[in-house]
Number of protein chains: 2
Amino acid sequence: MFVILVYDAGVKRDPKILKICRKYLNWVQNSVFEGELTEGKFKALQKELGRIINKKEDYIIMYTWATLRYSERITLGSPKVEEGFIF
Amino acid sequence: MFVILVYDAGVKRDPKILKICRKYLNWVQNSVFEGELTEGKFKALQKELGRIINKKEDYIIMYTWATLRYSERITLGSPKVEEGFIF
């Protein structure tokens, strides 16, 4: 499955969330990750994040898609870092 | 089509990008918008954004999906503002 993860976190937890997300997905922009994950890896990611976030102050949205068919990825401007994006 | 828009912009242009995106999509988190758009509206959004961004400093990614089938939206933590999300 293809995953897009966006997060909004308190300053103290931001580096921890970044570190965990980097193990599973590609960093594409501040607080935005994307990539392909198995069901098992996606569950593990959610578990790790669930353990460290502050449920009142932090917010993580994970969009998942079983297929990239019917989709497009359009960019404007220039990426901040070399992207290893999927398509 | 369903659109997820994420952006990373210079401080001077951030409010302008925010204002334009708000006309077309739902704000869900800092620098993250989502919503349903027609092809025409999506083109108009891209045109407006293309006119104001600094192509070297700013970066906008727009993911589009023709259908929400095969997809899920999972959240952890609490949203910063009342969400008007789609599903």
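None of these values were measured; they are calculated from a predicted model. Order of the sequence lines fixes the chain letters, A, B, ..., with proteins taken first and strands second; residue numbering starts at 1 for each chain.
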message = For B:Trp65 and A:Phe2, take the angle between the two ring planes, folded into 0 to 90°, and tell me which bin it lands in: parallel under 30, tilted 30 to 60, perpendicular over 60.
response = tilted
inquiry  = Measuring from atom OG of B:Ser78 to atom CD1 of A:Ile53, what distance do you get when rounded to the nearest 0.5 angstrom?
reply    = 7.5 Å
query = Should side-chain heavy atoms under 4.5 Å link Ile, Leu, Val, Met, Phe, Trp and Tyr, which residues sit in the same cluster as B:Tyr70?
reply = A:Tyr70
task = Spell out the residues in residues 6-17 of chain B that have some non-hydrogen atom less than 4.5 Å away from a non-hydrogen atom of chain A, in order of number; otherwise answer 'none'.
result = B:Val6, B:Tyr7, B:Asp8
ask   = Which region of B:Glu57, side chain (C-beta onward) or backbone (N, CA, C, O), has a non-hydrogen atom less than 4.5 Å from a non-hydrogen atom of chain A, or is it both or neither?
value = backbone
query = Taking C-beta and beyond as the side chain, do B:Leu76 and A:Asp58 meet within less than 4.5 Å on heavy atoms?
reply = no
key: Crowding at NZ, A:Lys47 (>12 non-hydrogen neighbours, <6.0 Å)   = no
Chain A contact via B:Ile4 - side chain, backbone, both or neither, heavy atoms under 4.5 Å = side chain
request  = Supply the atom-to-atom distance B:Met62 CE to A:Glu72 CD, rounded to the nearest 0.5 angstrom.
outcome  = 10.0 Å
request  = Identify the two heavy atoms, one from A:Tyr63 and one from B:Val32, that lie closest to each other, and give their separation to 0.1 Å.
outcome  = OH-CG1, 4.4 Å
Evaluation steps, side-chain contact (heavy atoms from CB on, under 4.5 Å), between B:Val28 and A:Ile61 = CA-CA 9 Å; B:Val28 286; A:Ile61 308 174; 4.0 Å; yes
message = Let me confirm one number: the CG-CD1 distance from A:Leu49 to B:Ile74, rounded to the nearest 0.5 Å.
response = 11.5 Å
key: Which of A:Thr67, A:Asn30, A:Asn54 touches chain B most, by non-hydrogen pairs under 4.5 Å   = A:Asn30
request  = Pick whichever of A:Lys55, A:Lys56, A:Arg69 has the most heavy-atom pairs under 4.5 Å with chain B.
outcome  = A:Lys55
